[in-house]
Each structure stands twice: as structure tokens, then as C-alpha cells.
Number of protein chains: 2
Amino acid sequence: MAKAKPSMKSRDAETTKMAILDAAELEFGKRGLLGARTENIAEGANVTRAMIHYYYDSKEKLYQAVLERALASRIKIAEEMDVYAGTPTNLLEQYIRKLLSDMSRRPNLPLIMLFEGVQNEGRLYRQIAVNSSYGPLRKILERGVQEGIFREMDVTQVAVNIMGMCVFYVVARFNLQHLFERDVLTPELFNAHTEEAVTMMLAGVLKHQPSGNQDCSV
Amino acid sequence: MAKAKPSMKSRDAETTKMAILDAAELEFGKRGLLGARTENIAEGANVTRAMIHYYYDSKEKLYQAVLERALASRIKIAEEMDVYAGTPTNLLEQYIRKLLSDMSRRPNLPLIMLFEGVQNEGRLYRQIAVNSSYGPLRKILERGVQEGIFREMDVTQVAVNIMGMCVFYVVARFNLQHLFERDVLTPELFNAHTEEAVTMMLAGVLKHQPSGNQDCSV
DNA sequence: CAATTAACTAACATGTTAGTTAGTATCCTC
DNA sequence: GAGGATACTAACTAACATGTTAGTTAATTG
């Protein structure tokens, strides 16, 4: 009964640790490991820079903590997918929607993973990250091809292209806002993106015939 | 007749300027403006750090020079496209192939443009960049829809998705090499990507009917 | 082939950043 | 409500990064 309202404390280790981690996610997502400034992280978390070292020891270890949390969330999505429950078409649509909604909620994670690859040449971003991201997608696609619902394809390449459509919109959001002339993460715009993405991806994998020559359409 | 072989000079201003610009493109592409180290640029160009200031005044002005060159190359592609010469389908395919081949040749440019948006919130990456990248694409798509060859769509969203497929493969190449288990820019892999991308994009915009129920396929 | 200019270097000055430390305030338990 | 433990701060240091400057070497030209 001691700790009735732990969130009311002005000094709570867990709260500040989280505040630092969140602020770090933002800063590392914006500037990467090298470009990030600990002062910006501290400011964003409303603590002094010393707290970063108090809780996370060093800038790099804080970065690793951020990376791990990002990865964990991606792995969680992968694990939640049952790639055998449903038709490949439905599964694919479901997975894309889940992925996109997760990205809109935490739009910095894809950026951090991208940075990690580019700046550290993926030293910390290894097989596990790749597998959790592309594993379910590839399995769904493979099943679809086997069952004759999806066209013949290079499954890995198609998985990358699908992921690309999802990720690009989020990581390029600051550039894209010049194109749309407003914030692209507003529900309105993001829903439009989701629908177009789903449409394109399904069209891209399903067997189909162009309606150009209408020999048999009547 | 004085300067017969300007490239043989051991001290040539243009050569070193270019060497610095190329090295800068690499370094800024890897780490962005803040993360980039002038020493790495100098080392990459085989000159002393002072030369950077001698020719480009400051790190930031050098960055701007790199950005401008990147932008110019994108604008050039846009200008070379005649969006009225050919069918929308052919034009789209042509444009995608051109874009992709350009990116494989200079894979750091998309990265720099992405960094610019994220780190500086696109202060230097303005309307002009967006227009040159998405202008031709949107025009082609609009024409296709008007002519009834392409399905009804949100042209801007589809343009972004197409660009996303092209850009993601290149900017995420360090992550993707764990997936493909080798360099993804080798002609072999990059060609495979190009073909799958073209296939998916065309399928994504063309009017078509799924062949699921095969009433009329014989 | 001197004189002049342009390309370049090395050492230095200045500002910034990560990380440290010694001390203070707040919380919790008995 | 005393005492110990934990959360936190402010001031500092050492390392590093950018930018400067005075001097050196190579090319050009009359």
C-alpha cells in the first residue's frame, strides 16, 4: 500500500528513465548517433545532461537502449501475426495495415533503424531485425504464390518493395509535407496513404489481367 | 596551347574542388550535416581540412554545394522527360527506369535529400525539389487516369508510393544487405529490383480485373 | 628565369560536446 | 522525524571539432 500513486512523485526513477528514452528516440531519429546532441535529449526530457549518464551510462548505451526498444516493437508485430490464419490476400492486407498503423504511432522508429544501417553500416542492426521485419511478409507471399493466388515473383524483392512503400512515407514525411502542403501524419492524409498503399500492393501481387483489350469482359 | 593536359597537374583547383565535393557527398550522405566530420571529408579527398575552408568557406556552405548538385541532377532528369511523348504506360515505365538507374549510379543523393528533410526539417529542401521529383510523375499519372488507361486514384499518394519503392531500396541498402546476404547494388540484384518494381508499379496503376474467378480466361 | 600568383600545409586559436564529480534536495522506512 | 538511500543539480574537465593564419611550395607568364 506504500506506493498508491507512483506517478505523482516529483522524483520517480522510472518516469525520468522513460522520459530520457523517449526524448532520445526523437533526437536519435532526427540526427542519428553521431549527430545527436545529449543536451537536446536532456532538454527534451526536462532533466540535466548528467541524468543521461546516471541512468544510461553513456550516449552510445542510451542509443542501444533506444534501438532495442524499437526492435522489440517490430518483433512484437511479427510475433502477433499468424501467417496461416486466413487467405494470403487478407493476411497481406492485415499485415500492411498493422505495420502502417504502428509506424504512424511511432514514426521515429523506422528512421532510427534506417540511420543505424547507414551510419553504423548495421553493426547493431542484424539478422534478427531483418527477420522480424521481412519474415512474416515473405511467408505470406510465398503461401500466396504456392496457392496460385499471387503471381510468380521474387518474394524477397516484392517484400522489400512493400516495406519501402510503408516506410518511405513516414521517413520522408518532412520532405513530403512540402508536396501535400501540410503534416502528412494527420489521420486524414495517413488514411489516404494507407488505402492507396493497400490497393497498390494487392494489385502488385495478385494475378490479374489488364482490362486494356476487353475481349472477354462482357 | 598553354594548358595541354590540365589533368596532369599535381595542383589543380578544379580537381581538388571536385574531390572535396565528392568526398563530402559521401560523408554527408552517411552522417548528415551535423554528424559529418570535416576530417573525414578531407581524408576522403586527400587534402587537408584547411582546403575545405579555402574552397567552400565552411562546413555548412560545402553542405549546401552538395545539396545543390544533388538537386540539379534530379531536376535534369525531370526536364529530360517529355510527359506527352508516348503512352502513359510507356512513359511511367521509362521514368521509373531512369530514376532507378540514376539512383544506382549515385546512391548517396537520395540519402542526402532524406537527411536534409529530417535534420533541417527541409529548410533547404523546398518546393523546387519536390516539384522536380514528383512533377513529371504526377503528370504522367494524371494523363493516364484522364485517358482511362489508369484506374481512379489519388495521384499524389500514388506518386509518393512509386517514389518510395525506388528510394527505399537505395537508402536502406545497408539494412537490406543482411536480407539478401550481399551488396544490393550489384547489377544482378539491382536489375531484379528494377524489374519487380516496374511490374508492381504498373500493376498498381493500370485498370485490371483479378483472375481469381476464371470465367473468361479461356 | 625572375616575379607573381595560385594551391596548399602545419600549427594554432576558439568554441562545443561528452562525460565526471562533489554536493544538495527529496523520498522512504522505522 | 532521524537516518539512510535514492534522485537530482551545477560546476567542472578533457577531448574533440571547426575555423584561422602565417608561411611554403608549385605552376604560370612576361
Side-chain angles (χ1 to χ4, degrees), chain A residues 1-28 30-67 115 119-120 124, chain B residues 1-67 115 119-120:
Chain A
M1 278 287 206
K3 38 183 76 176
K5 290 217 168 188
S7 61
M8 289 304 282
K9 286 188 292 187
S10 66
R11 306 182 141 204
D12 182 51
E14 281 311 306
T15 304
T16 33
K17 266 187 91 167
M18 271 311 209
I20 291 171
L21 204 60
D22 286 337
E25 187 175 301
L26 190 74
E27 177 70 4
F28 285 129
K30 267 202 169 154
R31 314 195 203 278
L33 173 57
L34 270 167
R37 297 290 111 102
T38 54
E39 192 180 326
N40 293 343
I41 295 171
E43 199 184 341
N46 272 311
V47 297
T48 55
R49 281 190 319 103
M51 286 295 93
I52 291 170
H53 300 283
Y54 184 63
Y55 285 116
Y56 294 96
D57 210 64
S58 71
K59 183 188 181 184
E60 188 147 349
K61 289 210 180 117
L62 172 59
Y63 175 74
Q64 276 176 30
V66 169
L67 246 194
F115 270 119
Q119 297 193 346
N120 302 344
L124 300 169
Chain B
M1 280 286 208
K3 37 182 75 174
K5 289 218 169 189
S7 62
M8 288 304 281
K9 288 189 292 188
S10 64
R11 304 181 146 206
D12 182 50
E14 280 312 304
T15 304
T16 36
K17 266 187 91 167
M18 271 314 212
I20 291 172
L21 205 60
D22 286 338
E25 187 175 301
L26 191 73
E27 177 71 3
F28 285 128
K30 265 203 168 153
R31 313 196 204 278
L33 173 56
L34 271 167
R37 297 289 113 105
T38 55
E39 192 177 327
N40 292 343
I41 296 171
E43 199 183 341
N46 272 311
V47 297
T48 55
R49 279 189 322 101
M51 284 295 94
I52 289 169
H53 300 282
Y54 184 65
Y55 285 116
Y56 294 95
D57 208 63
S58 71
K59 183 190 182 184
E60 187 146 350
K61 289 211 181 119
L62 172 59
Y63 175 74
Q64 277 175 31
V66 170
L67 246 195
F115 269 119
Q119 298 194 343
N120 302 344

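In what follows, chains carry the letters A, B, and so on, assigned in the order in which the sequence lines appear, proteins first and then strands, with residues in each chain numbered from 1.
- No engagement by B:Tyr56 is indicated, since no non-hydrogen atom pair under 4.0 Å with the nucleic acid exists.
- Spacing between atom NZ of A:Lys17 and atom P of D:dC8 amounts to 12 Å, rounded to whole angstrom units.
- Atom C1' of nucleotide C:dA7 and atom CG of B:Asn46 are separated by 15 Å, given to the nearest angstrom.
- Taking both residues in full, the closest heavy atoms of B:Lys30 and A:Gln119 are given as O-CG, 3.1 Å, listed atom of the first, atom of the second, then distance.
- Applying the ring pair (Phe, Tyr, Trp, His ring centres under 6.0 Å) rule to pairs touching residues 30-51 of chain B yields nothing, sequence neighbours excluded.
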Give the table of side-chain donor-acceptor pairs shorter than 3.5 Å for residues 31-50 of chain A, with sequence neighbours excluded, one pair per line with atom names and distance.
from	atom 1	to	atom 2	distance (Å)
A:Arg31	NE	A:Glu27	OE2	3.0
A:Arg37	NH2	A:Leu34	O	3.2
A:Asn40	ND2	A:Glu27	OE2	3.1

Practice item. Mark up nucleotides 12-25 of chain D, 5' to 3', with B wherever a protein heavy atom is under 4.0 angstrom from a base atom, S wherever such an atom reaches only the sugar-phosphate, and - elsewhere. Key: -----SBBB----B

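- Pairs engaging residues 22-59 of chain B under the ring pair (Phe, Tyr, Trp, His ring centres under 6.0 Å) rule: B:Phe28-B:Tyr63 [sequence neighbours left out].
- A:Glu14 has its CD atom 14 Å from the P atom of D:dT6, to the nearest Å.
- To the nearest 0.5 Å, atoms CG (A:Leu21) and CG (A:Leu26) are separated by 12.0 Å.
- Taking NZ of B:Lys17 as the reference point, atom CD1 of B:Ile52 lies at 13.5 Å (rounded to 0.5 Å).
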